[in-house]
S.K.: 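Here it is, the structure in full.
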Amino acid sequence: MQSRGQKKTLTARLLNLLSTRQAPPAHDGDVVQPAAGDGALENHLGGDEARNYRKYEHETVAPYVGRSMLEIGSGLGHFSENFVGRLDYLAVSDNDPYCVGELRKRYADAADVEVIDLELPAEIEIRQKVDTVVMMNVLEHIKDDVQALRDLAAVTEPGGRIVIWVPGYMQLYGDFDRKVGHVTRYTPATLRASVEEAGLRPEVLKPINFLGGIAWWVAVRRGGTGYPDPKLVRIYDRTVVPLTRLIERFVRPPFGQTVLCVARVPS
């Protein structure tokens, strides 16, 4: 049985591995965003195979959402549909023409939903300011992430929140990240630096999905998988996701597949 000191040493070694080794960066010309479409979008890999993970995303983010929301990088609307009917106003956005078209079809009859064609950084034209902005796996695609956050703060009510969900740790960076256009993967420290430079105040900032990080490292980094296999996604969704959620109810993980930040816009 390991002593408390031995456990601390093992944790320190793991953190050292994850904080010092650098994965090779993406180079111009190497980044290829997969064609958009149901099941091929980054946020929805595996389609119905990832039901538990989608529920994990929603239940983690939902407590921070107020009465009006702008979602950045909405894809086909799988995440935003969880909030339809509970908000006074919802704006969804994407910069992929296929996704924007599908979002307009999905919300054609919803008067309280606005669809925006948007690529950050940019001045955002929106019907009204919102009290919450949500970015699920988007910020890592943007080279000037600080300016993008400033643009979002400009359309967020004073005291409102910007919820940022990004892939964690460059040691997990691999071919998949390059192919879907990831500029970086974040740590809590690097995400804090961008958030604070943009003039925002981080209230929640932590790694999550500890077991998912290990599974990702084994399958994608060590295994050299270019894209997660849908069969593996199904197994991961049914076993790893419920287990990691249970563990993280009691233990704050030292690292994870994802970094979550909830930042306040100054009042």
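Note that these values count all heavy atoms, side chains included, but never hydrogens, waters or copies made by symmetry.
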S.K.: Show the atom names and distances, to 0.1 Å, of all donor-acceptor pairs under 3.5 Å that link a side chain in residues 258-267 to residues at least two apart or in another chain.
M.R.:
unit_1 : atom_1 : unit_2 : atom_2 : d
Arg264 : NE     : Glu203 : OE1    : 3.2
Arg264 : NE     : Glu203 : OE2    : 3.0
Arg264 : NH1    : Gly159 : O      : 2.4

S.K.: Dump the intermediate steps for side chain to side chain contact (heavy atoms under 4.5 Å, CB included) on Glu157 and Gln128, then the final yes or no.
M.R.: CA-CA 9 Å; Glu157 295 174 358; Gln128 65 180 68; 5.6 Å; no

S.K.: With sequence neighbours left out, what residues match Glu119 under side-chain hydrogen bond (donor to acceptor under 3.5 Å, both in side chains)?
M.R.: none

S.K.: Under the criterion side chain to side chain contact (heavy atoms under 4.5 Å, CB included), I'd like the reasoning laid out for Val65 against Leu87: C-alpha separation, chi angles, the key distance, then a yes or no.
M.R.: CA-CA 9 Å; Val65 176; Leu87 301 177; 3.9 Å; yes

S.K.: Output, in order, the C-alpha distance, side-chain angles, deciding distance and verdict of side chain to side chain contact (heavy atoms under 4.5 Å, CB included) for Glu57 and Asn82.
M.R.: CA-CA 11 Å; Glu57 288 181 315; Asn82 293 293; over 6 Å; no

S.K.: Return yes if some donor-acceptor pair links the side-chain N/O of Ser74 with the main-chain N/O of Ser93 below 3.5 Å, else return no.
M.R.: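 A pair under 3.5 Å: yes.
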
S.K.: Hey, what do you get for CZ (Arg161) to OG1 (Thr156), rounding to the nearest 0.5 Å?
M.R.: 12.0 Å

S.K.: Can you give me the closest heavy-atom contact between His182 and Pro167, atom names plus distance?
M.R.: CE1-CG, 3.9 Å

S.K.: Does Gly181 offer a backbone N or O that forms a donor-acceptor pair with the side chain of His141 under 3.5 Å?
M.R.: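 Yes.
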
S.K.: So, Asp237 and Arg234, do they make that salt bridge, N to O below 4.0 Å?
M.R.: no

S.K.: Quick check for you: to the nearest 0.5 Å, what is the distance between Ile116 atom CD1 and Ile124 atom CD1?
M.R.: 7.5 Å

S.K.: Side chains of Met69 and Val130, heavy atoms from C-beta outward: is any pair under 4.5 Å?
M.R.: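 Side chain of Met69 against side chain of Val130, heavy atoms only: no contact under 4.5 Å found.
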
S.K.: Kindly indicate whether the side chain of Arg51, heavy atoms from C-beta on, has any atom under 4.5 Å from the side chain of Arg54.
M.R.: no

S.K.: Spell out, as yes or no, whether a donor-acceptor pair under 3.5 Å connects the side chain of Thr190 to the backbone of Tyr186.
M.R.: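 No, Thr190 side chain to Tyr186 backbone: no donor-acceptor pair under 3.5 Å.
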
S.K.: Counting N and O atoms only, with roles assigned by atom type, does the side chain of Ser68 sit under 3.5 Å from a partner on the main chain of Asp131, one being a donor and the other an acceptor?
M.R.: yes

S.K.: Are Val146 and Val195 connected into the same hydrophobic cluster when the rule is that any two of I, L, V, M, F, W, Y join if their side-chain heavy atoms are below 4.5 Å apart?
M.R.: no

S.K.: Is a donor from one side chain sitting under 3.5 angstrom from an acceptor on the other, for Ser80 and Tyr107?
M.R.: yes

S.K.: Do Ile214 and Val240 make a side-chain contact, defined as non-hydrogen atoms from C-beta onward lying under 4.5 Å apart?
M.R.: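 They are not in side-chain contact.
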
S.K.: When the ring planes of Phe83 and Phe79 are compared, do they come out parallel, tilted or perpendicular, using 30° and 60° as the limits?
M.R.: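 Ring orientation, 0 to 90° scale: tilted.
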
S.K.: Examine distances only and state if a side-chain atom of Asp94 and a backbone atom of Gly75 form a donor-acceptor pair shorter than 3.5 Å.
M.R.: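 Side chain of Asp94 to backbone of Gly75, a donor-acceptor pair under 3.5 Å: yes, one is there.
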
S.K.: Spell out, as yes or no, whether a donor-acceptor pair under 3.5 Å connects the side chain of Thr244 to the backbone of Asn209.
M.R.: no

S.K.: Does the side chain of Glu71 reach to within under 4.5 Å of the side chain of Leu103, using non-hydrogen atoms?
M.R.: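 Contact flag for Glu71/Leu103 side chains = no.
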
S.K.: Sub-3.5 Å donor-acceptor pair from the side chain of Tyr64 to the main-chain atoms of Thr132, do we have one?
M.R.: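 The answer is no, because no donor-acceptor pair under 3.5 Å joins these two groups.
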
S.K.: Nearest 0.5 Å, please: how far is CG in Leu76 from CD in Glu81?
M.R.: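 It is 10.0 Å, given to the nearest 0.5 Å.
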
S.K.: Checking Arg67 side chain against Arg86 main chain: does a donor-acceptor pair fall under 3.5 Å?
M.R.: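 Confirmed, Arg67 side chain pairs with Arg86 backbone.
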
S.K.: Among residues at least two apart in sequence or on other chains, which ones pass side-chain hydrogen bond (donor to acceptor under 3.5 Å, both in side chains) with Glu102?
M.R.: Lys105

S.K.: I want to check something: taking the side chain as every heavy atom from C-beta on, are Leu149 and Met135 in contact at a cut-off of under 4.5 Å?
M.R.: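 Leu149 reaches Met135 side chain to side chain.
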
S.K.: Do the side chains of Met170 and Thr184 get nearer than 4.5 Å, heavy atoms only?
M.R.: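 Yes, side chains in contact.
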
S.K.: Roughly how far apart are Lys206 NZ and Leu191 CG, rounded to 0.5 Å?
M.R.: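 The NZ atom of Lys206 sits 13.5 Å away from the CG atom of Leu191.
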
S.K.: Tell me the closest heavy-atom pair linking Tyr169 and Gly256, and the distance in Å.
M.R.: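 Looking at all heavy atoms of both residues, the shortest contact is CD1-O, 3.3 Å.
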
S.K.: Minimum heavy-atom separation for Pro188 to Pro207, with atom names?
M.R.: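 So the two residues come closest at CG-CD, 3.8 Å.
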
S.K.: Drop me the distance from Ile208's CD1 to Gln257's CD, to the nearest 0.5 angstrom.
M.R.: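 The CD atom of Gln257 is 9.5 Å from CD1 of Ile208, to the nearest 0.5 Å.
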
S.K.: What's the shortest heavy-atom distance between Val138 and Gly73, and which atoms?
M.R.: CG2-CA, 3.9 Å

S.K.: Do Ile126 and Val92 sit in one hydrophobic cluster, given that two such residues count as connected whenever their side-chain heavy atoms are within less than 4.5 Å of each other, even indirectly?
M.R.: yes

S.K.: Starting at CG of Leu118, measure out to CG of Leu70 and round the result to the nearest 0.5 Å.
M.R.: 7.5 Å

S.K.: Answer yes or no: is there a donor N or O on one side and an acceptor on the other, between the side chain of Arg238 and the main chain of Asn52, under 3.5 Å?
M.R.: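 No.
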
S.K.: Could you check whether any side-chain N or O of Glu248 sits under 3.5 Å from a backbone N or O of Phe210, counting only pairs where one atom can act as donor and the other as acceptor?
M.R.: yes

